[in-house]
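Please read the structure below before turning to the comments.
Every chain is numbered from 1, with letters handed out A, B, ... down the list of sequences. Values reported hereafter were calculated over all heavy atoms of this structure, with side chains retained and with hydrogens, waters and symmetry mates removed.
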2 protein chains.
Amino acid sequence: MDIYQLRYFLAIVETGNFSRAAERSFVSQPTLSTGIKKLEAELGTTLFSREARKISLTEAGRRLLPHARTIIYECNAAKSEVSRRSPLRRLQLGLLRTAPTQRISALVNDFAKAHGDIQISIKEGAAAQLQRWLDEGRVNVALSIRPETESGLSFARLYRWKYMLAIPTSHSFASRSLIPLAELDRLDFLHRTHCEAESELTRAFANAGVSPNIVFRTDQDDKALALVSAGLGLCMMPDILSAPGIALLPVDGINIGRSIGLLWRKTEENDLIRSFQMFATSHGWYPERSGNKNLAWAR
Amino acid sequence: MDIYQLRYFLAIVETGNFSRAAERSFVSQPTLSTGIKKLEAELGTTLFSREARKISLTEAGRRLLPHARTIIYECNAAKSEVSRRSPLRRLQLGLLRTAPTQRISALVNDFAKAHGDIQISIKEGAAAQLQRWLDEGRVNVALSIRPETESGLSFARLYRWKYMLAIPTSHSFASRSLIPLAELDRLDFLHRTHCEAESELTRAFANAGVSPNIVFRTDQDDKALALVSAGLGLCMMPDILSAPGIALLPVDGINIGRSIGLLWRKTEENDLIRSFQMFATSHGWYPERSGNKNLAWAR
DNA sequence: ATCCATCCATAGATATTATCAATAGCTATG
DNA sequence: CATAGCTATTGATAATATCTATGGATGGAT
């Protein structure tokens, strides 16, 4: 497989015609014929069905097409990005699926706004898969937990959170600074089904003989926040999630936390990664410092 | 630029050494040297800084790296996907940014679950950009509105919705089947800031001399739904958004709707696109038919 | 200091091949 | 049947990817 062959291939797809594709590629028509023939030989299938006066893609050709497009696109992007003094334009970000989405999407949105010309693409996955993607170069940077094995990756911790009790500010608990776990027995609770620490929290409750009354289950933090603020129940949440109308209090007997940071390959650190790291580090985690007005509630 | 040169480049990056990279690539060491030299000449920069006993990537090299990785990855993927009878494995989906996210993410999630081996990547954008991406082959399929100009694209309408009044089921309106617009004057309302029809709705209200009292603004449908169900205000919403505790009623004097469907290039229709289209068509739009249990609330 | 091992660059030769011009073969159309 | 429009084949040629052999540079070992 060769790049020039893929260029021929695309030219034929786009002109629908070997001869015109040859013109467009500034080569003779036989050159194109043999080029495609070689490509077909290597792939072991025909790519075009040559009927009289009309050629069309075969199923194999249709399968090749998106790859060919991507490859040619990448070649052009590489040329224009490598040599010039132009800034880097593409951040491929890996995202831990269990991470708190709202705050991270605020970070990514703000970064995108601050660097309007940068293309950001996001892939979600589990921690192990993110590491694999980093190794394979499928992503540039990952937002994930610190990897256990040392493997050529740099880690910069960004955020750390503890799980606390979310209550409406109008609740009688709101004036207190620490809630004994035992007082939560039989109270109405919301369950954040997507939270990866939820099982640990449930265990902690059970060990203390406390059984909350689960009123709702949801896999979305916004919904949970809105329902807590509307007074439908309490909820254990990362202290970084917050909203007007909600107070977060530590619970005596619960000390569960997580931390998350940026991961990238040491050898492949570049301007863009550095700039994203700096942005993320200085990006306020707590809502009063967060710049994303769209996520704020307004009267 | 040539594929073999990029392979050499990657081999050097991964071995950190010309000689070992040559072994790994089954060529002689001078072959590698001249290959890289040529690549450097074409790109107009050096890619490696050759210090004694130690080579490292230059900034230009670091910029090239992700492109090179993508290109080689795509070449391999193309080979393994084109010839064999293997099913297609990658769906590049374009998503209209103003589309109702919740329902669409349910569709995509369900499709991903049903075809566990398929990689799905999503790009969001405005309608015009989605069309451009389709043309450039950056996405396979787009979920968007019907394009105005005929341009080699197929369109299959999937969903159509009208904007209706969302109220809590406990509300006094709930027993009625049609609400006159005039009755909404001065009532508490939520504003869905991200909704692209919101300005048209606001105009309709204003034309009728009705001025609702905006209590909250949010850019997230879940939050809006939760707040309506908690009784904090009413909201104009697509009738496809629904949740327990919420009723949707038509408003007399408001007849605003939208429709959305799949877009793809006629000439590039393939197994995967067909299968996604069939899945999307048969995927229940209304919640009682939707298969995604994660999005449902449970007591 | 000297020698040696390691590593990358250069030179010249060779086999491969991308390309070309010319032409043959095919198929609709008038 | 002739013609126009298209792709495939052929044989020649220029370009080049690769090879072996060698030079030059550097750092560690004796």
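Checked against D:dA8, D:dT9, C:dC8, the side chain of B:Asn17 finds its nearest nucleotide in C:dC8. When each of D:dA17, D:dT9, D:dT7 is scored by its nearest atom to the side-chain atoms of A:Ser19, the top-ranked nucleotide is D:dT7.
Under the 4.5 Å side-chain criterion, counting only non-hydrogen atoms from C-beta, B:Val139 is not in contact with B:Leu130. For the pair A:Ile145 and A:Leu263, the minimum side-chain heavy-atom distance is 4.5 Å or more.
With salt bridges taken as basic N to acidic carboxylate O contacts below 4.0 Å, none links A:Glu14 and B:Arg265. The residues A:Asp271 and A:Arg274 are annotated as salt-bridged, a charged nitrogen and a carboxylate oxygen being separated by less than 4.0 angstrom.
Contact annotation: A:Arg50 side-chain N/O to D:dA8 OP1/OP2 distance is under 4.0 Å. At least one side-chain nitrogen or oxygen of B:Lys37 sits closer than 4.0 Å to the OP1 or OP2 atom of C:dT10.
The backbone N or O of A:Glu269 sits less than 3.5 Å from a side-chain atom of B:Arg62, completing a donor-acceptor pair.
Counting non-hydrogen atoms under 4.0 angstrom, A:Tyr8 reaches the backbone sugars and phosphates but no base.
In this entry the distance linking NZ of B:Lys54 with P of C:dC8 reads 12 Å, nearest Å. The interatomic distance linking A:Arg7 (CZ) with C:dT19 (P) rounds to 12 Å, in whole Å. Protein atom CZ of A:Phe48 is 16 Å distant from nucleotide atom P of D:dC6, rounded to whole Å. Rounded to a whole Å, the NZ atom of A:Lys38 is 14 Å from the C1' atom of D:dT9. For the pair A:Ile55 CD1 and D:dC6 P, the computed distance is 11 Å after rounding to whole Å. Regarding A:Asp2, its CG atom lies at a distance of 10 Å from the C1' atom of C:dA18, rounded to whole Å. In this structure, the CD1 atom of B:Ile36 is 11 Å from the P atom of D:dT18, given to the nearest Å. The distance from atom CZ of B:Arg20 to atom C1' of C:dT6 is 10 Å, rounded to the nearest whole Å.
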Got a list of protein N/O to nucleotides 25-27 of chain D N/O distances below 3.5 Å?
unit_1, atom_1, unit_2, atom_2, d
D:dT26, O2, B:Arg53, NH1, 3.4

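A donor-acceptor pair shorter than 3.5 Å can be found between the side chains of B:Gln29 and B:Ser33. B:Ser49 and B:Thr58 share no side-chain donor-acceptor pair at under 3.5 Å.
DNA chain D lies under 4.0 Å from at least one heavy atom of each of the following residues of residues 21-33 of chain A: A:Gln29, A:Pro30, A:Ser33.
Classification of the B:Phe48-B:Phe9 ring pair by plane angle, with boundaries at 30° and 60°, yields tilted.
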Intermediate values then yes/no, side-chain contact (heavy atoms from CB on, under 4.5 Å), B:His115 and B:Ser275: CA-CA 10 Å; B:His115 304 79; B:Ser275 113; 4.2 Å; yes
